[in-house]
Student: 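Got a structure for you, written out below as C-alpha cells; questions coming shortly.
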Protein chains: 2
Amino acid sequence: MRPETRRRVLDAVETLGFRPNQHAQSLHSGRSWTVGLMTTDGIGRFSTPVLLGAEDALGAGKISVLLCDTRGDSIREQHHLRNLMDRRVDGIIVTGRRTDPRPPLTGITGLESVPVVYALSPSTDPGDMSVVTDDKGGAGLAAEHLLATGRTRIAHITGPEHHAAARDRARHAVEHLEQAGLALSTGRVHFGEWSEAWGRRAADAVLRTAPDTDAVFCGNDQIARGVTDALRERGIGAPGDIAVVGYDNWDTMALASRPPLTTIDMNLAEIGRIAALRLLEAIDAGEATPGVRTVPCRLVVREST
Amino acid sequence: MRPETRRRVLDAVETLGFRPNQHAQSLHSGRSWTVGLMTTDGIGRFSTPVLLGAEDALGAGKISVLLCDTRGDSIREQHHLRNLMDRRVDGIIVTGRRTDPRPPLTGITGLESVPVVYALSPSTDPGDMSVVTDDKGGAGLAAEHLLATGRTRIAHITGPEHHAAARDRARHAVEHLEQAGLALSTGRVHFGEWSEAWGRRAADAVLRTAPDTDAVFCGNDQIARGVTDALRERGIGAPGDIAVVGYDNWDTMALASRPPLTTIDMNLAEIGRIAALRLLEAIDAGEATPGVRTVPCRLVVREST
C-alpha cells in the first residue's frame, strides 16, 4: 500500500472511531482470545480468589473470560461446555470449592483439542493439567510452628472425614508430629464439621479428655475461632495456656477471632494465576504439558500462638 | 432445498459432529450474544450473589457472560470497556460493593449504542438504568418487627457515616420510629465501622448511656454479632433483655452468632436477575427504559428477637 493510501486509511479510522470487529478477527485467526472459566459450585469463598487470580493473569492481555457457573449440575455443565465450544474458546479453566479430585470434562465433540486446566479441584486423570494446594506443606508449616514455639501436647480438630482437605491435613499433621517423636495429645483426630459450633464442642471434648493439651491445630479458621471462643469462656488463656492455629487465612474469621488467628494461607489467587499461565502456555504451544502442579502455602502468624 | 439434500446435510452434520461457529453467526446477525459483567471492586460478598443472579438469568438462554474485574481502577475499567466494545457485546451490567451512586461508564466511542444496567451501585445519571436495594424498606421492616414484638427503647449501631448504606438505613430507621412516636433510646445513631469489634464497643456505650435499651438494630450482621457477644459476656440476655436485629443475612455471621440473628435480606441475587432481565429487554427493544428499579428486602426471623 502506498504511504498516502495508508495515511488516508488511518485518518479514516481516527475520524470514524473505528475499532476492529473481534468476531471477524477470530474467524480469520482461528483464535477467539477467550477462555472459559467454569466454577462447579457457585462462586464461593474458595473459588473467588482463584477466579480473580486467573482473571488477573488473563485480562492483562487481550484475553477475555467467559464465566460459567455450573452449580454442580451436570446438565448445566454440558450446556455451558457446548456454548464454550460454539464460541471456539482457546482454553478452559475449571475450579471448585473442594480439594477432592473431580472427573475430567467430557461428553462433547472437539473438547480433545482445547486445553483444560483444573484449579484447586484436580482432575482424577493424571494426564490432565491440574494446579492444587499443598495440604502436606500447609499441615507441616502449622505443626512446625507449634513445635518451634515449644508446644508438645497438640490436638487436631477438623472437618468431615469424607472431605479430602480434612483427611489430608490430618494425616500430614500426624506424620509431622510422629517425625518429631510425638503423638496427638488426644490420641486421635477429631473429625466433625467446618463450623464454629463444632470447634466449641470439640474444644470441650479435648479439655475433658486431655486437659494438659497445650496447642490445637484446626482444619479451618471457623473451627479455630470456635476453639478460641470456648477457651475464653472457660477462662483458659490463648496462647498462654493453649495456642491455636487455623487454616485458610479467611480474614473475616481470622481477624475477628479473639485473639486474632495464626493460620495457613493457601495462596488461592496464586493457584488461579498459575492455572491461567499454564493454560496460556498450552494454547501457545498447541499442546498440553500434563501433570499436577502444587502451590505452596504460607504461615501467617498472629496473636493466637 | 430438496428433502433428500437436506437429509444428507443433516447426516453430514451428525457424522462430523459439526457445531456452528458463533463468530460467523455474530458477524452475520450483528449480535454477539455476550454481555459484559463488570465489577468495580473485586468479587466480594455483595457482588457475588448479584453476579450469580445475573449469570443465572442470562446463561439459561444462549447468552454468555464476559467477566471483567476493574478493581476500582479507572485504567483497568477503560481497558475492559474497550475490549467489550471490540467484542461487540450486546449489553453491559455494572456492579459494585457499595450502594453509593457511581458515575456512569464513559470515555469510549460506541458506548451510547450499548445498553448498560447498574446493579446495586446505581448510576448518578437518573437517565440510566439502575437496579438498587430498598434501604428504606429494609430499615422499616427491622423497626416494624421490633415495635411489633413490644420493644420501645431501640438503639441503632451502624457503619461509617460516609457510606450511603449506613446513612440511609439510619435515617429511615429514625423516621420509622418517629412515626411511631418514639426516638432512639440513646438519642443518636452510633456511626462507626462495619466490624464485630465496633459492635462490641458500641454495645458497651449503649449499656452505659441508656441501660434501659430493650433492642438494638444494627447496620450489618458483623456489628450485630459483636453486639450479641458483648451482651452475653456481660450476662445480659438476648433476646430476653435486649433484642438484636442485623442486616445482610450473611449466613456465616447470622447463623454462627449466639443467638442466631434476625436480619434483613437484600435479595441480592434478585437484584442481579432483574438487572439481567432489564438488559435483555433493552437489547430486544433496541432502546433503554431509563430509571431506577428498587428491589424489596425481606425480614428473616431467628432467635435474636
Student: Using heavy atoms and a sub-4.5 Å threshold, report which of residues 256-277 of chain A line up against chain B, by residue number.
Tutor: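 Near chain B, by residue number: A/Ala256, A/Arg258.
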Student: With the side chain counted from C-beta on, respond yes when A/Val94 and A/Thr40 share a heavy-atom pair under 4.5 Å apart, and no when they do not.
Tutor: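 Counting from C-beta outward, A/Val94 and A/Thr40 do come under 4.5 Å.
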Student: What's the verdict on side-chain hydrogen bond (donor to acceptor under 3.5 Å, both in side chains) for B/Arg87 and A/Ser64, showing C-alpha distance, side-chain angles and the deciding distance?
Tutor: CA-CA 9 Å; B/Arg87 289 178 186 277; A/Ser64 289; 2.9 Å; yes
Student: Would you indicate whether the side-chain heavy atoms of A/Val116 and A/Pro104 approach each other to under 4.5 Å?
Tutor: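 No, too far: nothing below the 4.5 Å cut-off.
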Student: Would you confirm whether B/Trp33, through its side chain, and B/Asp90, through its main-chain N or O, come within 3.5 Å as a donor-acceptor pair?
Tutor: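 Looks like no, no N/O pair under 3.5 Å.
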Student: Any non-hydrogen side-chain atom of A/Trp194 less than 4.5 Å from a side-chain atom of A/Asp248?
Tutor: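 Answer no - side chains too far apart.
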Student: Is there a donor-acceptor pair under 3.5 Å between the side chain of A/Ser32 and the backbone N or O of A/Arg88?
Tutor: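 Such a contact is found between A/Ser32 side chain and A/Arg88 backbone.
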Student: For chain A, which residues from residues 225-238 of chain B have at least one heavy atom closer than 4.5 Å to it?
Tutor: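 Those residues of residues 225-238 of chain B which have a heavy atom under 4.5 Å from chain A are B/Arg225, B/Asp229, B/Arg232, B/Glu233.
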Student: Between B/Arg201 and B/His190, is any pair of side-chain heavy atoms under 4.5 Å apart?
Tutor: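 A side-chain contact is absent here, since even the closest heavy-atom pair is not under 4.5 Å.
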Student: Does the side-chain contact (heavy atoms from CB on, under 4.5 Å) test come out yes or no for A/Thr252 and B/Trp250, once each step is laid out?
Tutor: CA-CA 12 Å; A/Thr252 306; B/Trp250 183 16; 3.3 Å; yes
Student: With side chains defined as the heavy atoms from C-beta onward, is the minimum distance between A/Cys218 and A/Val216 less than 4.5 Å?
Tutor: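 In contact.
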